[in-house]
Asker: 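Take this structure, written in C-alpha cells, and hold onto it; I'll ask about it next.
In the text below, chain A, chain B and the rest are named by the order of the sequence lines, each starting its count at 1.
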Protein chains: 2
Amino acid sequence: MNIDENIIADIRRFNRFYTNRLCVLDRHVLDTGYSLTEARVIIEIGIMGQCIANNLVDVLDIDRSYMSRIIAKLCKDGLLIKKKVTMDNRTSLISLTSKGAALYHQLNERSDEQIVRLVQGLSQKEIKEIHASMLLIQKKLDRLEKI
Amino acid sequence: MNIDENIIADIRRFNRFYTNRLCVLDRHVLDTGYSLTEARVIIEIGIMGQCIANNLVDVLDIDRSYMSRIIAKLCKDGLLIKKKVTMDNRTSLISLTSKGAALYHQLNERSDEQIVRLVQGLSQKEIKEIHASMLLIQKKLDRLEKI
DNA sequence: TTGTAATAGTTGACTATGTCCACTAAAGAG
DNA sequence: CTCTTTAGTGGACATAGTCAACTATTACAA
C-alpha cells in the first residue's frame with residue numbers, strides 16, 4: 001500500500017483544520033453550564049428515551065465511576081430521574097425530566113444552528129457539494145470498521 | 001438561508017463520526033508518554049525552528065502559565081533548550097534538542113502511519129476520492145474565514 | 001440449591017489537565 | 001524619568017477523568 005506523501009500531508013492538514021472547526025462548533029454547549037461530556041450524556045438519554053447507566057457507559061465509553069457521578073449531578077439538577085425497576089434491583093431506569101428534555105432540545109437546536117452558521121455564505125450548490133463529500137468520506141471510512 | 005434538515009442531520013452525523021476518527025488517530029501520541037497538548041508544543045517548535053514562549057501561547061492558544069510549566073517540563077526532560085538572547089532580556093529563544101527533534105520526527109512519522117492505516121483497505125481510486133472530498137470541504141469552509 | 005462468578009453501581013483517593021491571579025523584571029512610549 | 005505594556009513564573013484553585021475497593025444483586029453450573 002503506497003500512498004502519495006502529498007495526499008498524506010493533505011489529509012493531516014484536513015484533520016487539523018477540521019479539528020478546529022469541530023472545536024468551534026462544540027463551544028456553544030458550554031453556554032448551557034454543562035460540559036461536553038455531560039451534554040453527550042443528556043443527548044444520549046434523549047435519543048435512547050430510557051436506559052440504564054451501563055448502557056451509557058458502553059455507548060459513550062465513559063468510566064463507570066465517572067458516569068455515576070455525572071448522573072448523580074444531573075439528577076440533583078433535576079434533569080434526570082431514576083426509576084427503580086423490579087426486574088433487576090441493581091439498576092435503575094434513567095430518563096429525562098421535562099427540564100432535561102428541554103435542555104436536550106435546546107442542545108439539538110443549537111447544534112443545528114451551528115451547522116447553519118458553518119455553511120453560511122455558501123450557495124446551495126456548494127452546500128450540496130460539501131454534503132456529498134462528507135457522505136463519501138463517511139461511507140468509505142466507515143466501511144472499514146466492519147471488516 | 002434555508003438548508004435541508006436532512007443535510008443538517010447528515011453533517012452532524014459526519015461530525016460525530018469524524019470526531020471519533022480523529023480521536024483514534026490521535027491516540028498514538030500518548031504512547032510517547034506525552035499528552036496531546038505537550039505533543040502540539042513539540043510539533044509547533046519543530047515547525048517554527050526557534051521561537052519564544054509567547055509565540056507558542058498565541059499560535060496554540062494555551063494559557064501563559066500553563067505554557068510556562070509545559071516548557072519547564074520539556075526542558076527538564078531534555079527535549080528543549082532555552083537560550084538567553086541579548087536583544088530582549090525578558091525572553092528566551094526556545095528550540096528542540098536532538099532528543100526533542102527525534103521525538104518531533106517520531107510524532108510526524110507516526111501521524112503519517114496513522115493516516116495510512118485510516119485508508120488501509122481502500123483502492124487508490126477511493127483514496128483519491130476521499131482526498132478530493134477533503135480538499136473540497138476545506139476549501140469551501142476555509143474561504144469563509146477570510147470574509 | 002448452593003457456592004461461585006459476573007454484573008451494576010457507588011465511593012474515596014488520586015492524577016492529569018487547565019485556569020486565574022498576583023507578582024517580578026525588562027522594554028517601550030511619551 | 002515615569003507610566004504602561006509585555007514576557008514569563010509560581011501559587012492556588014478548578015475541572016475532568018481514572019483506579020481500585022466495596023456492596024448488592026443476579027446468573028449460572030455442579
Asker: Regarding A:Thr91, tell me which of base, sugar-phosphate or nothing describes its non-hydrogen contacts under 4.0 Å with the strands shown.
Answerer: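 Result for A:Thr91 = sugar-phosphate.
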
Asker: What is the distance from CD1 of B:Ile62 to P of C:dT17, rounded to the nearest Å?
Answerer: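 It is 12 Å, rounded to the nearest whole Å.
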
Asker: Looking at A:Asn89, I'd like to know whether one of its side-chain N or O atoms comes within less than 4.0 Å of OP1 or OP2 on D:dT26.
Answerer: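 The answer is yes; a side-chain N or O of A:Asn89 sits under 4.0 Å from OP1 or OP2.
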
Asker: Any N or O donor-acceptor pair linking the side chain of A:Arg69 to the base of D:dG17 at under 3.5 Å?
Answerer: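 Checked by distance alone, the answer is no.
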
Asker: Any chance you could measure B:Asn20, atom CG, to B:Asn15, atom CG, to the nearest 0.5 Å?
Answerer: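 The CG atom of B:Asn20 sits 11.0 Å away from the CG atom of B:Asn15.
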
Asker: Between C1' on D:dT9 and NZ on B:Lys76, what's the gap in Å once rounded to a whole number?
Answerer: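 To the nearest whole Å, that distance equals 16 Å.
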
Asker: Between A:Leu30 and B:Tyr66, which residue's closest nucleotide on DNA chain D lies nearer the 5′ terminus?
Answerer: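 The answer here is B:Tyr66.
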
Asker: Could you check A:Ile70 against A:Thr86 and say which one's nearest nucleotide on DNA chain D is further toward the 5' end?
Answerer: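 Going by which nucleotide is closer to the 5' end, it is A:Ile70.
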
Asker: Distance check needed: D:dG10 P versus B:Met67 CE, whole Å only.
Answerer: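 Going from CE in B:Met67 over to P in D:dG10 covers 16 Å.
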
Asker: B:Leu56 has an atom CG; how far is it from atom P of D:dG8, in whole Å?
Answerer: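 Rounded to whole Å, this separation is 9 Å.
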
Asker: Between B:Glu44 and B:Asn55, is a side chain to side chain contact (heavy atoms under 4.5 Å, CB included) present by the stated rule, with each step listed?
Answerer: CA-CA 10 Å; B:Glu44 197 57 41; B:Asn55 299 149; over 6 Å; no

Asker: Please evaluate residues B:Glu113 and B:Arg117 with respect to the criterion salt bridge (Lys or Arg N to Asp or Glu O under 4.0 Å), reporting the C-alpha separation (whole Å), side-chain torsions for both, the decisive distance (0.1 Å), and the verdict.
Answerer: CA-CA 6 Å; B:Glu113 282 167 28; B:Arg117 294 190 57 187; over 6 Å; no

Asker: Check every strand shown and say whether B:Ile71 touches a base, only sugar-phosphate, or nothing at a heavy-atom separation below 4.0 Å.
Answerer: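 No contact.
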
Asker: Answer yes or no: is there a side-chain heavy-atom contact under 4.5 Å between B:Ile62 and B:Val41?
Answerer: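 Of all side-chain heavy-atom pairs linking B:Val41 with B:Ile62, at least one is under 4.5 Å.
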
Asker: Would you say B:Asn54 reaches D:dT6's phosphate, i.e. side-chain N/O to OP1/OP2 under 4.0 Å?
Answerer: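 B:Asn54 to D:dT6 OP1/OP2: no side-chain N or O under 4.0 Å.
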
Asker: Rounded to whole Å, how long is the line connecting atom CG of B:Asp63 with atom P of D:dG8?
Answerer: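 Checked: the CG to P distance equals 13 Å.
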
Asker: Nearest whole angstrom, please: distance from the C1' of C:dA6 to the CG of A:Asp88.
Answerer: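 Distance, rounded to whole Å: 12 Å.
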
Asker: Should A:Thr37 be listed as having a side-chain N or O under 4.0 Å from OP1 or OP2 of D:dG17?
Answerer: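 Result: yes.
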
Asker: State whether A:Lys82 places a side-chain N or O below 4.0 Å from either non-bridging phosphate oxygen (OP1 or OP2) of C:dA8.
Answerer: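 Answer no for this pair, as no side-chain N or O of A:Lys82 is under 4.0 Å from OP1 or OP2.
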
Asker: Send over the distance from B:Arg64 CZ to C:dA22 C1', rounded to a whole Å.
Answerer: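 Atom-to-atom, B:Arg64 to C:dA22, this comes out as 13 Å.
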
Asker: Could you check whether the side chain of B:Arg90 and the base of D:dT6 have a donor-acceptor pair of N or O atoms closer than 3.5 Å, going by distance alone?
Answerer: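 For B:Arg90, whose side chain was compared with the base of D:dT6, there is a donor-acceptor pair (under 3.5 Å).
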
Asker: Can A:Glu129 and A:Lys125 be counted as an ion pair, charged N to O under 4.0 angstrom?
Answerer: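 Answer for the salt bridge query: yes.
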
Asker: Please report, rounded to the nearest Å, how far the C1' atom of C:dT17 is from the CG atom of B:Leu60.
Answerer: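 Rounding to the nearest Å, CG of B:Leu60 and C1' of C:dT17 are 16 Å apart.
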
